[in-house]
Amino acid sequence: MLDTVPSSDVRTTRTVSPDQLRDLLAETGAVVHDSVRLSELTTLRVGGPALVAECGSTETLVATVRALDAAGIAVLLVAGGSNLLVDDAGFDGVVVRVATTGVEFGADGVTAEAGANWDELVAATVGQGLGGLECLSGIPGSVGATPVQNVGAYGVEVESLLRRVRLLDRATGAVRWAAPAELGFGYRTSVLKHSDAAVVLAVELGLDPSGMSAPLRYGELARVLGAEAGDRRPVARVREEVLRLRAGKGMVLDAADHDTWSAGSFFTNPVVTDDRLPQVMAAITAHLGEVNVPTYPAPEGAKLSAGWLIERAGFAKGFPGEQSPARLSTKHTLALTNRGAANAADIVALARTVRDGVYERFGVLLEPEPVTVGVNV
Ligand code: EPU
């Protein structure tokens with residue numbers, strides 16, 4: 001076992017009753033729901049009860065967060081719920097449900113409110129012949145979550161398309177547009193991740209009106225499109241192939257398919273620094289013999305593939321088997337999945353087993369990607 005236990009992302013301060021909450025939010029326009037199970041609001045479908053304040057407009061969202069912050073009540077923001085692992089005990093502050101939906105198109109871009117469904121936005125931009133987002137097709141969740149962890153797939157990160165992000169600064173209560181340069185983007189991260197400092201209200205994305213995709217950078221995608229790296233293809237074709245690839249890996253939500261009851265990739269791909277790389281490669285060779293290890297260039301080292309390491313550490317797709325309520329996806333080892341009856345403790349136990357096994361075998365520590373509430377992996 002590892003002795004470093006990262007602290008939970010969200011802490012609560014003060015509990016509140018439904019009536020107190022209704023009084024507090026009377027002016028904001030939020031709709032209060034008592035005792036909603038967070039398993040109903042998350043794609044992993046685990047998580048206990050919480051009070052929910054549903055915010056259908058940006059104005060309501062701003063007023064609600066300001067009121068809760070002023071009263072010292074802990075806030076958990078939930079929109080698409082696709083990157084959240086919540087404890088079975090639930091959350092004893094208030095869940096602010098981001099239910100805004102506004103989308104406005106320009107000739108070479110789009111502005112969308114935080115609660116808008118990400119893939120519907122991607123589909124709409126593709127439908128209008130606007131290029132840029134097609135590689136990010138089929139990703140579950142909301143628009144507002146995309147800058148927080150700099151969502152990426154198939155060679156594109158949202159950072160490269162963002163013109164600006166509208167934020168509520170929770171320390172001052174001020175609302176303003178922030179430039180991408182202020183947001184400290186990195187691989188699956190930004191200054192907004194693991195931070196309570198700001199709430200994303202809207203994003204503005206710059207897109208290409210030519211109807212062609214961004215230059216293709218991901219080998220697997222270029223291959224299925226019969227393209228070379230750097231080529232462009234019509235946006236609708238690229239979207240179609242991305243959806244096909246993702247679906248093949250169980251990464252497109254489908255209520256009937258338990259392989260998609262997940263938080264997407266549960267671990268980020270680990271970056272191993274140059275000084276440690278020889279040691280890790282030696283450990284891999286010691287266990288597997290001479291093998292081709294997928295590596296991608298990264299600042300200060302190499303990015304390895306978490307899915308590959310998990311599988312080579314002995315955790316096959318579907319681990320630990322049919323009797324378990326929480327299993328690795330049968331299509332991709334990087335997704336931890338709920339087979340229907342899993343609770344948070346089952347997911348956490350599986351995550352620890354996988355993380356510890358990879359660490360013991362290869363000396364690489366995998367970091368969870370989802371935001372955890374009340375649990376530590
Ligand atoms: N692999 C295995 N076993 C598996 C799955 C993959 O050995 O079960 C190997 C593959 O053979 C390949 C390598 O792992 O050599 C990489 O696999 P893949 O192309 O599926 O990509 P990934 O690194 O697992 C990343 C992102 C995905 C994104 C895809 C496509 C992370 C943590 N994951 O996955 O993002 O969609 O690339 O660009 O960055 C997400 O972040 O939630 C997510 C789904």
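Read the numbers this way: they start at 1 and go in the same order the structure lists the ligands and their atoms.
At a 3.5 angstrom cut-off on N or O pairs, T268 does not count as close to ligand 1. Considering both main-chain and side-chain atoms, S265 comes within under 3.5 Å of ligand 1 through a nitrogen or oxygen pair. Distances between N or O atoms of Y296 and those of ligand 1 include no value under 3.5 Å.
Annotation for ligand 1: atoms under 4.0 Å from non-hydrogen atoms of K249 are 18 (P), 19 (O), 20 (O). Those atoms of ligand 1 with a heavy atom of F267 less than 4.0 angstrom away are 32 (C). Contact atoms of ligand 1 toward E369: 32 (C), 40 (C), 41 (O), 42 (O) (distance under 4.0 Å to a heavy atom of the residue).
Closer than 4.0 Å to atom 10 (C) of ligand 1 lies none of the heavy atoms of the protein. In this structure, atom 18 (P) of ligand 1 has protein heavy atoms in its sub-4.0 angstrom surroundings.
Looking at R232 and D208, their side chains come closer than 4.5 Å, going by heavy atoms from C-beta outward. Counting only heavy atoms from C-beta outward, the side chains of V62 and V65 never approach each other to under 4.5 Å.
Comparing W308, Y218, Y187 against atom 21 (O) of ligand 1, the shortest heavy-atom distance belongs to Y218.
To the nearest 0.5 Å, the span separating CZ on R97 from OG1 on T64 amounts to 14.0 Å.
Ion pairing of R217 with D231 is absent here, as no side-chain N (NZ or NE/NH1/NH2) approaches a carboxylate O to less than 4.0 Å.
Q149 does not count as a contact of ligand 1, since none of its heavy atoms falls under 4.0 Å from the ligand.
Partners of R239 by side chain to side chain donor-acceptor pair (under 3.5 Å), not counting sequence neighbours, listed by chain and number: D119, S137.
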